[in-house]
Engineer: 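Before we start, here is the structure in question, set down as structure tokens.
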Amino acid sequence: MEYTNSPMVVYTKLSPNHSGQRTHSIDRITPHCVVGQCTAEGLGEWFAKSSTQASSNYGIDRDGRVAMYVEEKNRSWCSSSNANDQRAVTIECASDTKEPYAFRDIVYKTLVKLCVDICKRYDKSKLLWLEDKDKTLAYEPKPEEMILTVHRWFANKSCPGNWMFARMGDLAEKVTAILEGRFESVDDLKDVSSLTTTTPFLVKVNIDNLNIRKGPGTSYERTQFIPVGVYTIVEVKSGADSVAGWGRLCSGAGWISLDYCNKLS
């Protein structure tokens with residue numbers, strides 16, 4: 001694979017914290033949350049310290065400016081996983097300092113644009129979010145596919161935060177829509193960061209073997225069951241087949257009907 005760098009970059013400060021040339025071609029993108037409304041320069045100074053022992057290929061600062069800290073030909077130290085970082089373009093995104101670590105709208109819009117740029121440069125026509133860790137890591141992408149992964153799969157971290165985690169599917173859909181020519185650019189998409197969401201909250205599932213579905217409704221395929229217990233919901237959507245609505249599980253496993261749950265304070 002011939003590696004290139006994004007033309008969207010407006011600031012470059014190369015970090016010494018990387019492993020040199022990749023041992024795998026690029027077929028993943030891993031967005032992260034910085035846990036701070038950083039500038040491109042500030043994050044660059046942090047990654048420039050060898051004592052930081054971390055880096056990313058790109059950063060998107062609080063104003064939506066794209067910075068490069070590790071060239072795409074090299075493996076960054078970003079996801080607590082050598083295997084993931086060998087094949088992923090890693091992107092640190094400015095965020096709030098507290099859960100759900102929300103991004104500003106301009107940051108999310110720039111993330112969509114940067115993912116489109118990455119996919120186009122490597123001749124990818126689809127960006128996929130498979131939600132499940134085991135399914136994703138076992139999946140061998142087709143030549144035209146790029147896969148999304150998240151840091152929380154490889155370390156005991158919230159990254160990319162519940163705000164972004166709830167939007168991973170939305171990110172994949174928007175990027176793919178642009179790649180397929182259904183929209184010319186992200187500027188044609190309205191309210192790019194809006195979802196029918198709420199602040200993450202806990203629910204107690206009251207019945208055994210509650211269905212988990214791929215989407216918010218009984219028309220979506222059932223993937224597995226969820227036992228009685230307490231779970232985090234990061235997104236809510238209404239549905240004719242559920243009075244209380246459907247909740248997306250923080251784990252990424254899918255959606256459950258909130259008719260069979262109690263919301264916890």
Side-chain angles (χ1 to χ4, degrees), residues 1-9 12-34 43-44 47-48 50 52-60 66-93 110-160 164-165 167-169 171-176 178-180 252:
M1 171 177 280
E2 181 179 350
Y3 299 103
T4 59
N5 298 315
S6 177
M8 293 177 61
V9 170
T12 299
K13 190 174 184 66
L14 296 180
S15 170
N17 304 322
H18 64 82
S19 299
Q21 181 105 16
R22 295 175 183 271
T23 60
H24 197 288
S25 58
I26 291 172
D27 59 10
R28 294 180 182 175
I29 298 175
T30 310
H32 297 253
C33 61
V34 173
L43 187 56
F47 284 151
S50 58
T52 299
Q53 292 292 290
S55 64
S56 63
N57 294 113
Y58 296 108
I60 301 173
V66 177
M68 182 172 66
Y69 307 118
V70 175
E71 293 187 81
E72 288 186 35
K73 67 181 181 181
N74 293 327
R75 176 226 156 181
S76 66
W77 298 349
C78 202
S79 306
S80 304
S81 167
N82 173 62
N84 185 73
D85 288 344
Q86 288 289 5
R87 60 198 297 177
V89 176
T90 55
I91 308 168
E92 287 281 1
C93 301
T110 302
L111 177 61
V112 175
K113 290 181 178 180
L114 183 54
C115 288
V116 169
D117 165 62
I118 294 165
C119 289
K120 284 184 175 180
R121 284 187 290 110
Y122 295 107
D123 295 322
K124 309 295 185 181
S125 58
K126 292 182 180 179
L127 181 61
L128 303 180
W129 171 238
L130 304 181
E131 298 189 10
D132 179 74
K133 173 186 174 181
D134 293 337
K135 182 178 180 181
T136 300
L137 300 186
Y139 185 78
E140 189 60 38
K142 298 175 183 177
E144 72 275 12
E145 295 176 338
M146 190 79 81
I147 306 293
L148 285 168
T149 57
V150 288
H151 193 177
R152 64 173 61 180
W153 287 348
F154 310 109
N156 185 24
K157 296 177 179 290
S158 171
C159 187
M164 185 61 229
F165 191 80
R167 288 164 172 76
M168 295 295 287
L171 174 63
E173 289 174 6
K174 284 179 167 55
V175 171
T176 299
I178 295 170
L179 293 172
E180 292 180 344

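Numbering of residues begins at 1 and proceeds along the displayed sequence.
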Engineer: On a heavy-atom basis, which atom in Ser80 and which in His151 lie closest, and how many Å separate them?
Structural biologist: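 Between these two residues, the closest heavy atoms are OG-NE2, 2.8 Å.
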Engineer: Under the side chain to side chain donor-acceptor pair (under 3.5 Å) test, which residues partner Glu72, sequence neighbours left out?
Structural biologist: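 Glu72: side chain to side chain donor-acceptor pair (under 3.5 Å) contacts with Tyr58, Arg121, Tyr122.
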Engineer: Minimum heavy-atom separation for Asn17 and Ser55, please, with both atom names.
Structural biologist: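 For Asn17 and Ser55, the tightest heavy-atom pair comes out as O-OG, 2.5 Å.
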Engineer: Check step by step if side-chain contact (heavy atoms from CB on, under 4.5 Å) holds for Ile178 and Val112.
Structural biologist: CA-CA 9 Å; Ile178 295 170; Val112 175; 4.1 Å; yes
Engineer: Would you kindly say whether Ser79 and Asp85 are connected by a side-chain donor-acceptor distance under 3.5 Å?
Structural biologist: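 Yes, Asp85 and Ser79 have a side-chain donor paired with an acceptor closer than 3.5 Å.
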Engineer: List the residues meeting ring-ring contact (aromatic ring centres under 6.0 Å, His included) with Trp153, not counting sequence neighbours, and say none if there are none.
Structural biologist: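 Listed in chain order: Trp129.
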Engineer: Report, as yes or no, whether the 6.0 Å neighbourhood of atom CD on Glu180 holds more than 12 heavy atoms from other residues, nucleotides or ligands.
Structural biologist: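 Count over threshold, so yes.
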Engineer: Holding to ring-ring contact (aromatic ring centres under 6.0 Å, His included), I want the full list of residues that pass it with His18, two or more places apart in sequence or in another chain.
Structural biologist: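 For His18, no residue satisfies ring-ring contact (aromatic ring centres under 6.0 Å, His included) once neighbours in sequence are set aside.
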Engineer: Do Ser56 side-chain atoms and Ile91 backbone N/O form a donor-acceptor pair below 3.5 Å?
Structural biologist: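 It does not hold such a pair.
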Engineer: Indicate whether the side chain of Thr30 and that of Thr149 have a donor and an acceptor atom separated by less than 3.5 Å.
Structural biologist: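 Indeed, the side chains of Thr30 and Thr149 share at least one donor-acceptor pair under 3.5 Å.
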Engineer: Is the count of non-hydrogen atoms from other residues, nucleotides or ligands lying under 6.0 Å from Lys157 atom NZ greater than 12?
Structural biologist: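 Count not over threshold, so no.
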Engineer: Considering non-hydrogen atoms only, spot the tightest contact between Met146 and Cys119 and give its length.
Structural biologist: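 Scanning both residues completely, I find the closest heavy atoms to be CB-SG, 3.9 Å.
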Engineer: Can I get a per-line list of side-chain donor-acceptor pairs under 3.5 Å for residues 135-143, giving both atom names and the distance, sequence neighbours left out?
Structural biologist:
unit_1 : atom_1 : unit_2 : atom_2 : d
Thr136 : OG1    : Asp132 : O      : 2.7
Tyr139 : OH     : Glu145 : OE1    : 2.7
Tyr139 : OH     : Glu145 : OE2    : 3.3

Engineer: Locate the shortest heavy-atom distance separating Pro160 from Pro31; write the atom from each residue and the value.
Structural biologist: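 Smallest heavy-atom distance, with atoms named: CB-O, 3.6 Å.
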Engineer: Name all pairs fulfilling the salt bridge (charged side-chain N to carboxylate O under 4.0 Å, His left out) condition that reach into residues 19-28, sequence neighbours left out, sorted by first residue then second.
Structural biologist: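 The answer is Asp27-Arg87.
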Engineer: Carefully, step by step, assess Cys93 and Met164 under the rule side-chain contact (heavy atoms from CB on, under 4.5 Å).
Structural biologist: CA-CA 10 Å; Cys93 301; Met164 185 61 229; over 6 Å; no
Engineer: Between Ser15 and Phe47, is there a donor-acceptor pair closer than 3.5 Å when you use the side chain of the first and the backbone of the second?
Structural biologist: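 Yes, because the side chain of Ser15 sits within donor-acceptor range (under 3.5 Å) of the backbone of Phe47.
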Engineer: Which heavy-atom pair separates Ser158 from Arg152 by the least distance, and what is that distance?
Structural biologist: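 Smallest interatomic distance, heavy atoms only, reads O-NH2, 2.7 Å.
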Engineer: Identify the heavy atoms of Met1 and Ser25 that sit nearest to each other, and give their distance.
Structural biologist: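 Result for this residue pair: CE-CB, 3.6 Å.
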Engineer: Quick one: does any side-chain atom of Glu144 pair with a main-chain N or O of Ser125 as donor and acceptor, under 3.5 Å?
Structural biologist: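 The answer is no, because no donor-acceptor pair under 3.5 Å joins these two groups.
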Engineer: Between Cys78 and Glu92, is a side-chain contact (heavy atoms from CB on, under 4.5 Å) present by the stated rule, with each step listed?
Structural biologist: CA-CA 9 Å; Cys78 202; Glu92 287 281 1; 3.7 Å; yes
Engineer: Mind checking salt bridge (charged side-chain N to carboxylate O under 4.0 Å, His left out) for Lys126 and listing every partner two or more places apart, or none if nothing turns up?
Structural biologist: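 Expected list: none.
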